[in-house]
Amino acid sequence: MDHAADAHRTDLMTITRYVLNEQSRHPESRGDFSILLSHIVLGCKFVCSAVNKAGLAKLIGLAGETNIQGEEQKKLDVLSNEVFVKALVSSGRTCILVSEEDEEATFVDPTLRGRYCVVFDPLDGSSNIDCGVSIGTIFGIYMAQDKDKASLDDVLQPGKNMLAAGYCMYGSSCAFVLSTGNGVNGFTLDPSLGEFILTHPDIKIPKKGKIYSVNEGNAKNWDGPTEKYVEKCKFPKDGSPSKSLRYVGSMVADVHRTLLYGGIFLYPADKKSPNGKLRVLYEVFPMSFLMEQAGGQAFTGKERALDLVPSKIHERSPIFLGSYDDVEEIKALYADEIKA
């Protein structure tokens, strides 16, 4: 055994150590937020393990039910949802949970309540489960005004009021990306230790990227600005090189690549989905929060994404997010359309 190498491994910046360091910046903190995050991390580790052995455990395949969005639920979706609901309730730090898989919000029993509201998509990109493509969990955290009188108004707030947001991507490695409003940090699960280790400190998205990410199968239904923007990506008139198209179909995977390499992720409104397809609370807001914290932008086609005020928990919105300059270009095209 290489004892010297093992000794070095104990000096790693784990996610637990990182969260406790952040907590020490706030002398008034009672540790509630740290406890909540540790339960989210535990849920992610559990789902990561289930995803890795999904084929062996016969978790692949349909559960025979449909969720609130009318999508067929995979067995892993159902399991992941149960895992996160139980992990969040048992933390004793939550009062309202909003999940993509549940039609109604979950109000935690008053004896187990805490100050936080958590919105989450327990398993994003579940249509990719069967083919082994990256999938993930997305979450956002709000503070309730009064845990004893918690209501839906505590979660139907603009995204800029979120305290923290993040996602966990289950792929060739398990990556956990988190922002508590003080930049963005990326952690990777070391399976031998069972710990998330800080591998991507202070992530900054490049100001401009070479990649665009969109489902071009919807092109015939796009609006003018989206059509013009994608045309410009493929056939730039200023002599610059064309952008590369990359589209996984799991929002977590597409946004993770955009965050690290730069570029833009687009899911516009179209004739088929006039209000957009992605859900505001647990897809658009957390990813927009992370993008802004990393120096990028997020835009709905009308306004800054984090300024949106949702009126219902499963509301949808168009979204354009990524590198600052790339999002500026799409904003300019929408502004031109308004003038025209």
Side-chain angles (χ1 to χ4, degrees), residues 1-52 80 83-84 86-94 97 114-120 122 134 136-143 162-205 252 255-256 259-260 286-287 289-295:
M1 280 181 71
D2 188 346
H3 293 294
D6 284 348
H8 283 303
R9 297 187 73 194
T10 58
D11 191 30
L12 297 167
M13 178 60 81
T14 65
I15 195 161
T16 311
R17 186 175 154 203
Y18 171 80
V19 168
L20 290 172
N21 283 357
E22 285 296 298
Q23 184 187 314
S24 65
R25 292 170 183 240
H26 305 277
E28 75 289 354
S29 168
R30 300 192 315 228
D32 288 351
F33 190 69
S34 303
I35 290 167
L36 173 60
L37 277 175
S38 74
H39 278 251
I40 291 173
V41 167
L42 178 64
C44 291
K45 286 179 185 174
F46 193 102
V47 173
C48 179
S49 170
V51 167
N52 287 343
S80 305
V83 164
F84 279 101
K86 282 179 181 165
L88 292 165
V89 171
S90 67
S91 74
R93 301 301 184 274
T94 57
L97 310 177
R115 300 180 291 166
Y116 299 105
C117 308
V118 183
V119 293
F120 60 99
S134 297
T137 297
I138 311 172
F139 65 90
I141 302 171
Y142 287 104
M143 172 88 81
M162 276 185 169
L163 296 179
Y167 60 81
C168 189
M169 185 176 74
Y170 316 111
S172 55
S173 60
C174 181
F176 189 92
V177 175
L178 173 70
S179 175
T180 55
N182 185 29
V184 180
N185 288 281
F187 303 81
T188 305
L189 185 65
D190 180 338
S192 66
L193 297 174
E195 282 279 8
F196 281 103
I197 310 298
L198 181 64
T199 49
H200 296 75
D202 197 19
I203 297 170
K204 294 284 180 222
I205 186 169
V252 167
V255 170
H256 187 66
L259 196 59
L260 296 182
M287 295 311 202
F289 188 91
L290 290 165
M291 277 298 164
E292 286 201 4
Q293 285 291 321

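Note: hydrogens, waters and symmetry copies are ignored here, and every other heavy atom, side chains too, is used.
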Which atom pairs, donor and acceptor, lie under 3.5 Å between side-chain atoms of residues 86-94 and protein residues at least two apart or in another chain?
residue, atom, partner, partner atom, Å
Ser90, OG, Lys86, O, 2.9
Ser90, OG, Ala87, O, 3.1
Ser91, OG, Leu88, O, 2.7
Ser91, OG, Arg93, N, 3.1
Arg93, NE, Asp32, OD1, 3.0
Arg93, NH1, Ser91, O, 2.9
Thr94, OG1, Leu88, O, 3.0

Enumerate, atom names and distances included, each donor-acceptor pair closer than 3.5 Å involving a side-chain atom of residues 173-180, sequence neighbours excluded.
residue, atom, partner, partner atom, Å
Ser179, OG, Gly181, N, 3.1
Ser179, OG, Gly183, O, 2.8

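Panel note: side chain Thr14, backbone Glu195; no donor-acceptor pair is recorded below 3.5 Å. The closest donor-acceptor contact from the side chain of Lys45 to the backbone of Gly194 lies under 3.5 Å.
Residues Cys44 and Val41 have side chains not in contact (no heavy-atom distance under 4.5 Å, counting atoms from C-beta outward). You'll find the side chain of Thr137 reaches within 4.5 Å of the side chain of Phe84, heavy atoms only. Contact of the Gln293 side chain with the Ile203 side chain is not registered, since no non-hydrogen atoms from C-beta on lie closer than 4.5 Å. Here the side chains of Tyr142 and Tyr116 are not in contact, with every heavy-atom distance at 4.5 Å or above. Within the 4.5 Å cutoff, side-chain heavy atoms of Ile141 are placed close to those of Leu36.
For Glu22, the salt bridge (Lys or Arg N to Asp or Glu O under 4.0 Å) criterion is met by Arg25, not counting sequence neighbours.
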Walk me through whether Leu260 and His200 qualify under side chain to side chain contact (heavy atoms under 4.5 Å, CB included). CA-CA 9 Å; Leu260 296 182; His200 296 75; 4.0 Å; yes
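Taking each heavy atom of Ile138 and Pro286 in turn, the nearest pair found is CG2-CB, 3.6 Å. Taking all atoms of both residues into account, the shortest heavy-atom contact from Cys168 to Phe196 is SG-CZ, 4.1 Å. Here the shortest heavy-atom pairing between Ala294 and Leu259 reads CB-CD1, 3.7 Å.
Separation of the Phe139 and Tyr167 ring centroids does not fall under the 6.0 Å cut-off.
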